[in-house]
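Input: a single structure, listed below in structure tokens.
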Amino acid sequence: MTDVKTANEMFFEPTGMDRGAVEGLINDALTGADDGELYLEYRQSEGFSFDDGRLKSASFDTTQGFGLRAVVGEATGFAHASDLSEQAIRNAAATVRAVQTGGSGTIALAPAGSNQALYSDENPLSEIPFDAKVKALAEIDAYARAKDSKVVQVSVSLAGSWQGIEIIRMGGERSGDIRPLVRLNVSVVVEKNGRRESGSHGMGGRTGYDFYLQEETWKSAVDEALRQAVTNLESVEAPAGEMDVIVGPGWPGIILHEAIGHGLEGDFNRKKTSVFSDLLGERVASPGVTVVDDGTIPDRRGSLSIDDEGTATSCTTLIEDGILVGYMQDRQNARLMGVEPTGNGRRESYAHMPMPRMTNTYMLGGDGDPGDILKSVKKGLYTVNFGGGQVDITSGKFVFTCTEAYLIEDGKLTAPVKGATLIGTGSEALKKVRAIGNDMALDSGIGTCGKAGQSVPVGVGQPTMLIEGLTVGGTAG
């Protein structure tokens with residue numbers, strides 16, 4: 001969490017803005033509104049791409065700006081600029097005041113104060129020299145090529161950012177946060193007898209680079225990417241039809257995120273465009289299925305000490321033992337739906353308005369032994385990794401592409417398959433869950449979620465899960 005001194009050093013002292021004058025402009029802009037805030041942001045970001053044995057690109061960027069928002073009922077006035085100056089904020093105030101007709105005249109109370117700090121405020125971009133980062137990427141490339149003679153291409157990327165925000169409300173109420181974020185990704189292509197296949201593995205979180213550039217850590221990423229690629233060399237065409245599907249732990253929770261999570265965001269349900277609208281208290285999943293969104297896990301990619309409206313994040317239970325019990329809320333949707341905000345108001349940057357978004361969304365573990373779950377399936381598919389997918393929020397229908405999957409025959413994993421897709425409806429698939437493993441795991445820190453043109457970092461997770469009678473699209477003739 002930022003203190004006043006840090007915020008002054010980041011936003012006021014470098015720009016010459018007077019805090020008192022800015023707070024006066026905010027008071028003027030929000031008088032008569034139901035809610036609103038000035039969102040100040042400063043961000044440094046960098047990225048490295050190492051490909052074909054050499055550094056392909058390196059970038060560094062600094063951005064700053066503000067977004068001023070006034071909320072009246074369901075209407076929002078919003079203006080933003082990269083110019084941090086009193087005049088720019090004054091101009092923005094004139095714009096957002098245009099929405100202020102029909103408001104209650106009583107501004108909403110500011111979020112309750114929070115002292116939680118889920119990650120360090122140290123800047124990861126400055127902790128390791130440029131040369132050291134490039135050297136580490138070269139070592140990763142060399143290790144991957146030496147590891148297996150079948151490797152014909154290696155791509156390594158490293159990215160980091162350091163974001164400082166301050167949120168100022170009417171009356172001078174303020175909160176802030178400083179957020180580090182890093183990610184390492186390794187992709188390899190292998191070739192055997194003229195056939196090429198690929199594999200990739202990434203990891204990241206709200207920490208510094210130190211952990212990810214340790215030799216033991218990046219070697220494990222290379223080994224996992226190489227394992228996937230070599231496995232895919234032996235893959236056969238995927239069968240098609242309705243069958244039992246076991247979805248593995250960790251990253252496969254991306255299906256839960258897309259097919260279920262978006263449908264549980266407050267705005268879709270307030271507007272009744274979600275398949276889960278008006279189903280609170282109803283059974284939407286098999287007994288034993290409990291799904292939460294938890295933004296409070298230290299150092300996780302999707303975690304936030306406070307959301308982008310200043311509300312402390314929380315662990316919000318969405319589905320409990322198969323019953324729908326809650327939605328993810330920002331301040332506007334919570335007020336309009338008559339509930340409390342859950343700390344899920346997120347925005348990509350100062351140039352975007354906040355909306356209900358996920359943080360770390362996952363299913364809790366059950367009591368099933370993963371080995372026993374596998375043995376219970378006579379014929380089916382075991383899915384481990386996923387690539388792209390499509391979801392329709394209104395209907396809940398989804399299509400996901402498997403990048404690593406295996407045939408299940410008589411309770412055992414046999415041949416790896418390629419070209420498999422999972423097809424279904426989120427709410428129906430949850431009702432077909434027949435077993436939940438005791439091995440719940442979160443992903444390795446690679447998730448990015450898109451909604452309404454905005455991208456934010458997220459986390460996913462789940463235990464091993466058996467879904468009965470799911471449609472599989474395949475490529476086998």
Side-chain angles (χ1 to χ4, degrees), residues 1-31 33 35-46 60-71 77-97 107-126 160-181 206 304-312 331 345-354:
M1 301 284 286
T2 57
D3 57 25
V4 175
K5 180 176 181 295
T6 303
N8 283 338
E9 292 173 344
M10 194 173 294
F11 300 113
F12 289 91
E13 293 174 4
T15 62
M17 292 193 300
D18 177 77
R19 180 177 285 276
V22 169
E23 291 176 359
L25 292 172
I26 297 169
N27 291 341
D28 184 46
L30 300 184
T31 297
D35 203 356
E37 74 286 310
L38 176 71
Y39 179 91
L40 300 167
E41 178 186 16
Y42 176 85
R43 186 196 301 258
Q44 293 181 345
S45 58
E46 67 179 10
F60 181 86
D61 186 44
T62 299
T63 58
Q64 64 179 20
F66 72 87
L68 180 61
R69 182 180 65 144
V71 179
F78 181 71
H80 65 87
S82 58
D83 176 18
L84 281 179
S85 69
E86 292 174 27
Q87 185 58 50
I89 295 174
R90 183 175 292 107
N91 294 341
T95 299
V96 304
R97 276 197 299 270
I107 196 78
L109 294 176
S114 171
N115 291 319
Q116 68 174 350
L118 302 175
Y119 30 78
S120 169
D121 61 3
E122 295 298 319
N123 187 345
L125 279 63
S126 60
S161 67
W162 186 74
Q163 176 196 35
I165 68 167
E166 184 175 15
I167 299 163
I168 308 177
R169 297 184 172 276
M170 194 170 178
E173 293 278 356
R174 55 183 177 260
S175 56
D177 198 14
I178 294 180
R179 302 165 176 170
L181 187 68
R206 294 198 179 278
L304 296 169
S305 297
I306 57 172
D307 71 4
D308 293 322
E309 298 178 304
T311 305
R331 285 171 61 88
R346 304 190 64 186
R347 63 181 102 199
E348 180 178 323
S349 75
Y350 69 86
H352 301 83
M353 290 189 291

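Quick caveat: nothing in here was measured; it's all calculated off a predicted structure. All heavy atoms count here, side chains included; hydrogens, waters and symmetry mates do not. The residues of the chain are indexed from 1 along the displayed sequence.
The minimum heavy-atom distance linking W162 with I178 is given by the pair NE1-CG2, 3.3 Å. Across A93 and L25, no two heavy atoms sit closer than the pair CB-O, 4.3 Å. Between A92 and F66 the shortest heavy-atom distance is CB-CE1, 3.6 Å. Counting all heavy atoms, side chain and backbone alike, Y119 lies closest to L304 at OH-CA, 3.4 Å. Across all their heavy atoms, D308 and Y39 have their closest contact at OD1-OH, 3.5 Å. Residues A70 and A29 come closest through the heavy atom pair CB-O, 4.5 Å.
By the 4.0 Å N-to-carboxylate-O rule, D307 lies too far from R331 to be salt-bridged with it. Classification of R69 and E309 as a salt-bridged pair holds, one side-chain N sitting under 4.0 Å from a carboxylate O. A salt bridge links R169 and D35; the closest N-O separation between the charged side-chain nitrogens and carboxylate oxygens is under 4.0 Å. Classification of D28 and R97 as a salt-bridged pair holds, one side-chain N sitting under 4.0 Å from a carboxylate O.
To the nearest 0.5 Å, atom CD of residue E23 and atom CD1 of residue I168 are 6.0 Å apart. For the atom pair CE (M17) and CD (E86), the distance works out to 7.0 Å, reported to the nearest 0.5 Å. The structure places CD1 of I306 at 4.0 Å from OG of S175, a figure rounded to the nearest 0.5 Å. The distance from atom CG of N8 to atom CZ of R19, rounded to the nearest 0.5 Å, is 4.5 Å. Within the model, atoms CG of L84 and CE of M10 stand 11.5 Å from one another, a figure rounded to the nearest 0.5 Å. The CG atom of D177 sits 8.5 Å away from atom CD1 of I167, with the distance rounded to the nearest 0.5 Å.
Judged by distance alone, the side chains of N91 and Q87 do bring a donor and an acceptor atom under 3.5 Å apart.
Contact check for Q116 versus S114: side-chain heavy atoms found under the 4.5 Å cut-off. Using a 4.5 Å heavy-atom threshold, the side chains of T62 and Y42 count as touching.
For H352, there are no ring pair (Phe, Tyr, Trp, His ring centres under 6.0 Å) partners at least two apart in sequence or on another chain. Residues satisfying the side chain to side chain contact (heavy atoms under 4.5 Å, CB included) criterion with S82, sequence neighbours excluded, are Y350. Legend: residues meeting ring pair (Phe, Tyr, Trp, His ring centres under 6.0 Å) with F12, ordered by chain and number and at least two apart, are absent.
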Given E173 and L109, is the side chain to side chain contact (heavy atoms under 4.5 Å, CB included) satisfied, shown in steps?
-> CA-CA 9 Å; E173 293 278 356; L109 294 176; over 6 Å; no

Please lay out, stage by stage, how L30 and E37 fare under the test side chain to side chain contact (heavy atoms under 4.5 Å, CB included).
-> CA-CA 8 Å; L30 300 184; E37 74 286 310; 5.6 Å; no

Tell me, with the steps shown, if R206 and L118 meet side chain to side chain contact (heavy atoms under 4.5 Å, CB included).
-> CA-CA 9 Å; R206 294 198 179 278; L118 302 175; over 6 Å; no

Passes side chain to side chain contact (heavy atoms under 4.5 Å, CB included), F60 versus L125? Steps please.
-> CA-CA 10 Å; F60 181 86; L125 279 63; 3.6 Å; yes

